[in-house]
Amino acid sequence: MAQGGVPDGRRIHEIDAVRGFALAGILVVNIEFFGDPGLLGAMSGGIGGGDHGPVQFVVQALFEFKFYVVFSFLFGYSFTLQMRSAERAGASVRARTLRRCLGLFVIGVLHGLLLWVGDILTLYAALGLVLLAARNIGARAATIGATVLISLMSALTLLLAGLIALVPEASTTGTDTGSAAEAARILAATTGGPLDYLGLHLTQYPRIAIMIWLLQGPTAMALFLLGLAAGKARLFDEPDRWAHLLGRVQWIGFGLGLPAGVFYAATSGQGDATELVAVALTLATSVFLSAAYVATLLRLIRRSPSVAGVLAPAGRMAASNYVGQSVLLCLVFTGYGLGLMGRIPPLGVMGVAVVVYAVLLALSAWWLRGHRYGPVEYGLRRLTNWR
């Protein structure tokens, strides 16, 4: 047992609640791509697109770059819990992690090909192997490594902004015609029929997967390392140690992160050096804003523990809910179901997100009344433990 904390092996409900909370933010970001063919076209074609209205402004300012940060951090933290579990069982950490990453990779490929081209699980599986190799480093070294990675990504983005400022012809401004054509193609394939949507994914997924690995990989690895450091320090195991710091985390996080988020949203779609400067600032400050979100949630949980009771079931079966989000969104927006992409206004799309999240919360609570694990978690656990 951690001194003054929770017994080893017992689930930490704060982690589950935070993970369930992060799922909501990931849903809000992902659903925009299901609802707006311009955004999906921008992601697949690397050109400008999307609504750029008030709803997208709020999503970009408050959600983008923030909630996958929380999800990645918790992946690193959970890795330390899995290491302890393997050690208690006398099992090999290396063998268990290799099998788990293999399972995540297979699930991610199927998820990316069939449901959502923005899948993150294959990246997590690959970076999980890097985390396995780095598992014996200390908390301080892990924190330094994370800081270097984030600083490097921000610096490279600023360097690119400088190059574009010197050579304005490199800007992506003025791609409206190509953006509209790509959006029309995406819309027709997505809302056509199941085979049309599947065919679109088969052509999109390899390119987008590579882009995600290159652009999000270093930052995700940095958050894995921060989670590893926090896990080694047993941050969530001993909540009384850090409770008095939550207010300070909020002040710093909101003070640094909110202005950067607003700047990023205000410049999004310009395709010029100013937008890249905003991206660099967001990369550097999103960790602080994400920490402020988590600190706010943890303070709320300490005042009203029932909040954790609502969110924790979804967090306990986070992989199932992550895939489940895509299933429900496909049924609403693609040719697998109603084919409503492009037909619901942005505010209505956010309404769909609320309904989908509420459904997943209810299903998670119902499922865990009769099962210890979610369906995806059960399969991963069987493969990880090899029994």
Side-chain angles (χ1 to χ4, degrees), residues 2 5 8-9 12 15 18-19 22 65 67-108 119-157 209-210 212-238 241-242 283-284 286-288 290-291 294 318-319 322 377 380-381 383-386:
D8 283 332
I12 304 173
I15 291 180
V18 172
R19 193 182 286 115
F65 291 102
F67 286 87
Y68 91 90
V69 163
V70 179
F71 218 60
S72 300
F73 172 85
L74 291 177
F75 187 97
Y77 196 104
S78 295
F79 177 76
T80 65
L81 302 180
Q82 293 156 12
M83 283 197 302
R84 294 180 218 164
S85 175
E87 291 166 357
R88 288 193 303 271
S92 167
V93 174
R94 180 175 178 273
R96 280 193 173 189
T97 303
L98 289 174
R99 289 194 294 266
R100 185 174 184 81
C101 289
L102 174 62
L104 278 176
F105 188 85
V106 171
I107 294 169
D119 170 78
I120 200 73
L121 296 180
T122 55
L123 173 62
Y124 279 20
L127 294 182
L129 300 180
V130 180
L131 194 63
L132 174 66
R135 67 188 183 276
N136 292 324
I137 66 174
R140 183 172 181 272
T143 303
I144 293 174
T147 303
V148 169
L149 282 173
I150 293 174
S151 300
L152 182 61
M153 288 298 293
S154 298
L156 289 175
T157 306
I210 292 172
I212 289 174
W213 281 42
L214 292 176
L215 297 181
Q216 293 190 18
T219 305
M221 189 66 233
L223 273 299
F224 280 17
L225 289 173
L226 287 178
L228 180 72
K232 287 178 176 289
R234 295 180 178 263
L235 185 68
F236 286 103
D237 302 57
E238 304 173 13
R241 286 174 51 195
W242 43 255
L283 287 173
S286 59
V287 174
F288 297 100
S290 301
V294 172
Y322 177 67
E377 286 76 14
L380 280 174
R381 185 178 177 84
L383 178 62
T384 299
N385 296 342
W386 204 241

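Because only heavy atoms are used, hydrogens play no part in the values below, and waters and symmetry mates are left out as well, while side chains stay in.
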If I compare all heavy atoms of [X] with all of [Y], which pair ends up nearest, and what's the gap?
| X | Y | value |
| --- | --- | --- |
| Val70 | Ser290 | CG2-CB, 3.8 Å |
| Cys101 | Ala125 | O-CB, 3.2 Å |
| Arg96 | Ser85 | NH1-OG, 3.6 Å |
| Ala126 | Trp213 | CB-CH2, 3.6 Å |
| Leu283 | Ser154 | CB-OG, 3.6 Å |
| Ala142 | Ala229 | CB-CB, 4.0 Å |

Min side-chain heavy-atom separation [X]-[Y] under 4.5 Å:
| X | Y | answer |
| --- | --- | --- |
| Phe79 | Thr97 | yes |
| Leu98 | Leu129 | yes |
| Phe75 | Leu104 | yes |
| Gln216 | Ser72 | no |
| Leu131 | Met221 | yes |
| Leu228 | Ile137 | yes |

Straight-line distance of [X] [atom1] to [Y] [atom2], nearest 0.5 Å:
| X | Y | atom1 | atom2 | value |
| --- | --- | --- | --- | --- |
| Arg100 | Ser78 | CZ | OG | 8.0 Å |
| Arg94 | Arg99 | CZ | CZ | 11.0 Å |
| Arg19 | Leu74 | CZ | CG | 5.5 Å |
| Thr122 | Leu127 | OG1 | CG | 9.5 Å |
| Asn385 | Leu380 | CG | CG | 10.5 Å |
| Leu123 | Ile210 | CG | CD1 | 12.5 Å |

Hits for ring pair (Phe, Tyr, Trp, His ring centres under 6.0 Å) against Tyr68, two or more places apart or cross-chain, chain-then-number order -> none
Would you find a donor on one side and an acceptor on the other, under 3.5 Å apart, between the side chain of Tyr77 and the backbone of Leu235? yes
Sort and list the pairs that fulfil side chain to side chain donor-acceptor pair (under 3.5 Å) and have at least one residue in residues 130-149, not counting sequence neighbours. none
Can you tell me if Phe288 has over 12 outside heavy atoms packed within less than 6.0 Å of its CZ? no
Please test Tyr322 against Ile107 for side-chain contact (heavy atoms from CB on, under 4.5 Å), starting from the C-alpha separation and ending with a verdict. CA-CA 11 Å; Tyr322 177 67; Ile107 294 169; over 6 Å; no
